[in-house]
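Notes follow the structure.
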Protein chains: 2
Amino acid sequence: MKTEIIEILKRSQLSATESRAAILALFQEAGTALTHADIEKKTGALFDRVTIYRTLQTFVEKGIIHTIPTADNAILYALCKDNCSEGNHHDNHIHFICDNCSTTYCLDHINIPEIKLPKGFFISGTDILVNGICKNCNDN
Amino acid sequence: MKTEIIEILKRSQLSATESRAAILALFQEAGTALTHADIEKKTGALFDRVTIYRTLQTFVEKGIIHTIPTADNAILYALCKDNCSEGNHHDNHIHFICDNCSTTYCLDHINIPEIKLPKGFFISGTDILVNGICKNCNDN
DNA sequence: AATAGTTTGCAACTAAGTTGCAAATAATTT
DNA sequence: AAATTATTTGCAACTTAGTTGCAAACTATT
């Protein structure tokens, strides 16, 4: 277990267990968003289905990862950047989903444009989903 | 069965059946987005679960309704406006989901802002999800 | 090293969604 | 308007996704 990963878990007041470390490492290596199924595949039979569900849930609660809404209704999870904290998710992200390879990127550094709503509506958060062809698929 | 509803179905080359007409009417009355569960509740035991699934699927294919991605992973369906046609959905919508009452509105007439992506990424469509408090909840 | 607190895996369950097929309904033809 | 054809529906059975309770295993604390 990498000390860096243990640090992250401790910082969120979570005990450093095999499964948590492994799943967190997966996210760091991938760099993109993952589904529950992705993680189940990549970890093989190492951990129980239920453990993966619970780990993802805990990570979301602690602000380590966040969920991404998708059109095809598969829940995607991705690492939060430092500005994400407990109870404060989903806001102001731009997510890019490749039509070709389905890889999902968090584009945290892109400015989100201002959206004007009709009278009577007040905004608390915005999620922007962009579809298209990703850098990787374009280069090949 | 209203003739207007029959018209809509015929226009999409669908035979006008009880279930289709009833479900389409539901959407028109609601004016907001509905989930499969909403429809199952509102129609009672009138139609089989499977029929509702298939009807929604058909409506999406024919461009009568479109799906809305949500953070909590419940598939929402809403009536398409006239500019929506078969095979051409999801693009350039703004959807507003109320934090309080969970009602979902399609804000079709709001301009979607331009989004600039990093080099190598090309956009084919955009889905914007806005959370907040809706007009209705604010007035009360 | 022993104890207290947390997490995991298992089993069993609920909920969501899909598929094949015979019966019922809608559209078409005569 | 009756008969034929094509489409749609409901049922049953199934797969997949997600949840819950609880004893055993593991982490953290003393």
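The chains referred to below are lettered A, B, ... by the order of the sequence lines, with proteins before strands, and numbering in each begins at 1.
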On DNA chain C, nearest-nucleotide positions of His36(B) versus Glu18(A): which is more 5'? Glu18(A)

So, the side chain of Arg20(B) versus the backbone of Leu14(B): is there a donor-acceptor pair under 3.5 Å, distance only? no

How long is the line joining CG of Leu56(B) and P of dT8(D), in whole Å? 15 Å

In this structure, how many angstroms lie between the P atom of dT7(C) and the CG atom of Leu24(A), rounded? 15 Å

Rounded to whole Å, how long is the line connecting atom NZ of Lys10(B) with atom C1' of dT28(C)? 11 Å

Base, sugar-phosphate, or nothing for Ile52(B), non-hydrogen atoms under 4.0 angstrom? nothing

Tyr53(A) and His36(A) aromatic centres sub-6.0 Å: yes

Side-chain donor/acceptor of His66(B) to backbone N/O of Ala78(B), under 3.5 Å: yes

Let me know the distance between CG of Asp48(B) and P of dT19(C), rounded to the nearest Å. 15 Å

Between Phe121(B) and Phe96(A), ring centroids under 6.0 Å: yes

hbond_proxy Arg49(A) side chain to dG9(C) base (donor-acceptor, 3.5 Å cutoff): no

Of the nucleotides dT9(D), dA27(C), dT8(C), which one has an atom closest to the side chain of Ser19(A)? dT8(C)

Measuring to OP1 and OP2 of dT9(D), would you say a side-chain N or O of Thr17(B) lies under 4.0 angstrom away? yes

How many whole angstroms separate atom OH of Tyr77(B) from atom P of dA16(C)? 13 Å

How would you label the contact of Ala16(B) with the nucleic acid (heavy atoms, under 4.0 Å): base, sugar-phosphate, or nothing? sugar-phosphate

Of all the choices, dG18(D), dT9(D), dT18(C), which nucleotide is nearest to the side chain of Ile75(A) once you look at every atom? dG18(D)

Measure from CZ on Arg20(B) to C1' on dA24(C) and round the result to the nearest Å. 14 Å

Is the side chain of Thr43(A) donor-acceptor paired with the backbone N or O of Phe47(A) at a distance under 3.5 Å, no angle test? no

Is Arg54(B) side chain donor-acceptor paired with the dG10(D) base, going by distance under 3.5 Å alone? yes

Spacing of Ile23(A) atom CD1 relative to dT7(C) atom C1', expressed in whole Å: 12 Å

Could you tell me whether the phosphate oxygens of dT6(C), OP1 or OP2, come under 4.0 Å of any side-chain nitrogen or oxygen in Ser15(A)? no

How long is the line joining CG of Leu46(B) and P of dA24(C), in whole Å? 18 Å

Nearest-nucleotide 5' precedence on DNA chain C, Ala37(B) against Leu14(B): Ala37(B)

Which nucleotide sits closest to the side chain of Tyr53(B): dA16(C), dT8(D), dG10(D)? dA16(C)

